[in-house]
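Just the heavy atoms: all of them, side chains too, but no hydrogens, waters or symmetry mates, feed the values below.
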Amino acid sequence: MNSSSTAAVIIAILAAFAGALVPLGADADTASPTAIRNLQPFADPTGAIATFNSNGRIDTRSTFFQSLGTNGRSCATCHVADQAFSIAPPQIRERFRTSHGRDPLFASVDGANCSNATPADRAGHSLLLEYGLIRIANLVPVNAQFTLTVVHDPYGCALVVDPTSGQLKASVYRRPLPTTNLRFLSAIMFDGRETVQPLTSVPTFAANLQADLTHQAQSAITIHFQADRTPTTEQLTDIVDFELGLSTAQIRDRSAGMLDSGGAAGGPRNLANQTYYPGINDVLGADPTGAPFNSSSMSMFAAWSSADYSSDIAAGDGRAVAFDDRSSAGPFERAAARRDIAAGETLFNTFPITISGVRGLNDNAALGKPASFTGNCTTCHDAPNVGDHSLPLPLDIGLGHSVQPGFENDPNIAAGLAELDEPNLPVFLVSGCPSPFSAGQPVSFYTTDPGKGLITGLCSDLNRVKGPILRGLAARAPYFHNGAAASLLQAVNFYNQRFSMNLTDEQKRQLVAFLNSL
């Protein structure tokens with residue numbers, strides 16, 4: 001396909017998502033007792049999060065909010081608007097307290113450490129209460145290239161025999177991914193298990209994304225809702241159409257003010273207009289238009305690099321000033337905060353990172369299997385102003401490795417994990433695979449989550465999980481698939497140690513300011 005025909009197909013794909021493309025001056029809808037108004041801000045630790053719904057205000061009577069199973073759950077049980085359509089531990093603990101553990105969120109099927117926990121047992125729900133983790137129980141593939149055994153089982157259900165199939169079933173624990181900003185996905189779920197149709201081709205992207213999200217909704221209703229009947233096509237379509245209309249991002253920073261003012265392009269309305277197609281800005285050169293990879297994939301806050309207080313009183317920005325009047329930040333503090341966010345964006349785009357020991361990169365034939373190479377944050381977060389990878393590229397950067405004594409021999413990974421608040425997770429011993437970094441040499445290693453390998457059974461997929469979309473981070477701590485980073489500073493400290501970045505305290509602060517503004 002030549003560049004002109006590819007561009008035409010991309011335009012057609014964007015037209016398929018035209019409902020998400022809106023004038024930036026569109027007014028917010030009004031609220032009602034059964035609705036969340038469009039762009040309604042919800043306070044979070046650094047400012048406010050908001051969602052733009054291309055279909056208008058959010059109707060809380062729609063199928064997304066209805067119980068479709070036997071345990072009282074709906075999609076909204078684990079995907080809450082004021083938590084960027086995920087869930088956060090402070091609100092989880094409040095729900096446990098007020099319901100005495102009987103809120104549908106704590107259903108033992110996956111809301112407890114193991115399925116035998118009683119509703120009021122706090123210890124039996126500790127991973128959800130403290131880290132926001134849901135238990136995912138997967139059958140170990142019968143044709144797996146590796147052998148899985150358990151060496152640390154704090155809850156007693158890490159590896160059990162499934163009574164129906166007779167296969168081993170492994171329990172791993174993961175954060176619920178947001179059900180918003182879905183039109184930027186290249187894989188569904190951390191391990192890609194719901195990607196039944198590939199999201200890699202421009203011509204098929206819209207139809208395949210619809211099919212994948214429909215499959216995911218069906219699976220959620222069957223497994224997580226414990227449904228005793230199949231949802232209707234109309235119900236599944238309503239859920240998926242609702243999700244595809246959502247764009248969620250930080251709308252306001254407590255110090256910097258409105259994130260779409262003063263020339264900046266942050267916030268959910270700009271996100272709703274963000275161009276995306278499979279392979280856009282691909283780091284391995286697979287952008288279908290032929291465009292080369294641009295490491296400066298984040299460009300929302302470039303206008304703030306030389307911000308001064310006069311930008312707050314620019315003509316036509318009265319809306320931002322009125323909103324910002326709720327903040328205690330003065331004009332000089334606001335200008336300094338905006339410069340910090342812009343500096344963090346520049347660091348994210350350009351700061352050199354020494355990448356080594358990463359499954360999916362350092363064993364990647366397309367890169368020549370380098371022992372190490374220099375990249376940037378955007379090497380793995382290449383989708384412009386979104387932050388996931390625009391083509392499937394699950395990676396093992398070490399987060400599934402264990403801090404248990406004697407279980408990790410890579411000093412960089414061990415140093416990175418030491419910066420985190422790792423949950424007490426089961427640890428598995430994986431054996432029978434060749435080393436991805438030393439051809440032909442067998443290797444055994446420990447992991448708390450075999451990742452995509454638990455779906456495919458392939459040694460090459462072990463420990464690899466996708467990098468999620470980065471928008472709306474401030475409202476949905478903790479971070480990483482296992483909730484190991486309690487804060488964005490912890491996440492930055494992990495990367496700083498893991499990849500020998502040698503960031504200064506000021507650079508860490510600026511990176512955190514930028515990430516909190518997404």
Side-chain angles (χ1 to χ4, degrees), residues 133 135-153 158-160 167-175 177 186-195 355-367 369-372 380 389 391-404 406-410 412-414 416-417 420 422-423 425-468 480-482 484 494 498-499:
L133 299 180
R135 184 169 65 93
I136 308 297
N138 283 322
L139 294 175
V140 179
V142 292
N143 59 345
Q145 297 174 343
F146 53 85
T147 300
L148 201 65
T149 55
V150 63
V151 295
H152 176 67
D153 189 4
L159 197 61
V160 300
Q167 292 175 243
L168 282 176
K169 180 179 286 187
S171 288
V172 296
Y173 300 81
R174 296 174 185 159
R175 294 282 287 126
L177 285 160
S186 58
I188 313 294
M189 312 306 286
F190 275 115
D191 52 18
R193 67 184 183 276
E194 299 289 357
T195 317
I355 298 174
S356 64
V358 176
R359 290 171 179 261
L361 288 178
N362 297 103
D363 58 349
N364 194 315
L367 292 172
K369 298 184 178 182
S372 69
C380 301
H389 209 286
L391 288 173
L393 188 64
L395 302 174
D396 170 23
I397 62 173
L399 289 164
H401 298 213
S402 177
V403 294
Q404 297 287 334
F407 284 177
E408 182 52 57
N409 57 17
D410 185 316
N412 286 344
I413 293 177
L417 294 177
L420 300 175
E422 285 271 329
L425 296 176
V427 180
F428 302 96
L429 173 64
V430 178
S431 53
C433 288
S435 169
F437 309 116
S438 301
Q441 296 184 12
V443 64
S444 296
F445 61 92
Y446 300 95
T447 181
T448 60
D449 192 331
K452 188 177 179 181
L454 198 53
I455 305 303
T456 66
L458 299 177
C459 289
S460 58
D461 285 334
L462 283 165
N463 279 26
R464 294 173 62 184
V465 297
K466 76 168 186 176
F480 300 134
H481 72 275
N482 58 4
F494 166 80
R498 171 66 178 89
F499 296 112

Side-chain contact, heavy-atom cut-off 4.5 Å: [X] with [Y]?
X	Y	value
Val150	Leu429	no
Leu361	Cys380	yes
Pro392	Thr195	no
Thr149	Ser431	no
Phe499	Asn412	no

> Taking it one step at a time, do Val140 and Leu454 satisfy side-chain contact (heavy atoms from CB on, under 4.5 Å)?
Replying inline: CA-CA 6 Å; Val140 179; Leu454 198 53; 4.0 Å; yes
Does the [X] side chain pair with the main chain of [Y], one donor and one acceptor, at a distance under 3.5 Å?
X	Y	result
Asn362	Pro370	yes
Gln145	Cys459	yes
Ser171	Arg135	no
Asp461	Lys452	no
Asn482	Glu422	no
Thr447	Gly400	yes

Drop me the distance from [X]'s [atom1] to [Y]'s [atom2], to the nearest 0.5 angstrom.
X	Y	atom1	atom2	value
Glu408	Ser402	CD	OG	8.5 Å
Ile455	Leu139	CD1	CG	9.5 Å
Leu177	His481	CG	NE2	11.0 Å
Phe146	Ser460	CZ	OG	10.0 Å
His152	Phe407	NE2	CZ	8.0 Å
Leu393	Lys466	CG	NZ	13.0 Å

> Residues two or more places apart in sequence or in another chain: which of them pass ring-ring contact (aromatic ring centres under 6.0 Å, His included) with Phe445?
Replying inline: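 Result, ring-ring contact (aromatic ring centres under 6.0 Å, His included) vs Phe445: none returned.
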>> I'd like to check the ring-ring contact (aromatic ring centres under 6.0 Å, His included) partners of Phe494; sequence neighbours left out, ordered by chain and number.
In response: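 With neighbours one apart ignored, the set is Phe480.
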>> Evaluate Leu159 against Asp153 for side-chain contact (heavy atoms from CB on, under 4.5 Å), listing each step before the verdict.
In response: CA-CA 8 Å; Leu159 197 61; Asp153 189 4; over 6 Å; no
>> For a side-chain contact (heavy atoms from CB on, under 4.5 Å) check, start with the C-alpha distance between Leu425 and Leu133, then their side-chain angles and the critical distance, and finish with the verdict.
In response: CA-CA 10 Å; Leu425 296 176; Leu133 299 180; 4.1 Å; yes
>> Going by salt bridge (charged side-chain N to carboxylate O under 4.0 Å, His left out), name the residues that satisfy it together with Arg359, two or more places apart in sequence or in a different chain.
In response: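 By the salt bridge (charged side-chain N to carboxylate O under 4.0 Å, His left out) rule, Arg359 matches Asp396.
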>> Can you tell me which residue among Thr448, Val465, Ile413, Leu420 is in a side-chain contact (heavy atoms from CB on, under 4.5 Å) with Leu399?
In response: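 Going through Thr448, Val465, Ile413, Leu420 one by one, the side-chain contact (heavy atoms from CB on, under 4.5 Å) with Leu399 is satisfied by Leu420 alone.
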At their closest point, which heavy atom of [X] faces which heavy atom of [Y], and how far apart are they?
X	Y	result
Ala158	Pro426	CB-CB, 3.5 Å
Gly398	Leu417	O-CD2, 3.6 Å
Tyr446	Gly406	CE1-O, 4.3 Å

>> side-chain contact (heavy atoms from CB on, under 4.5 Å), that's the test. Do Phe190 and Asp449 meet it? Break it down for me.
In response: CA-CA 11 Å; Phe190 275 115; Asp449 192 331; over 6 Å; no
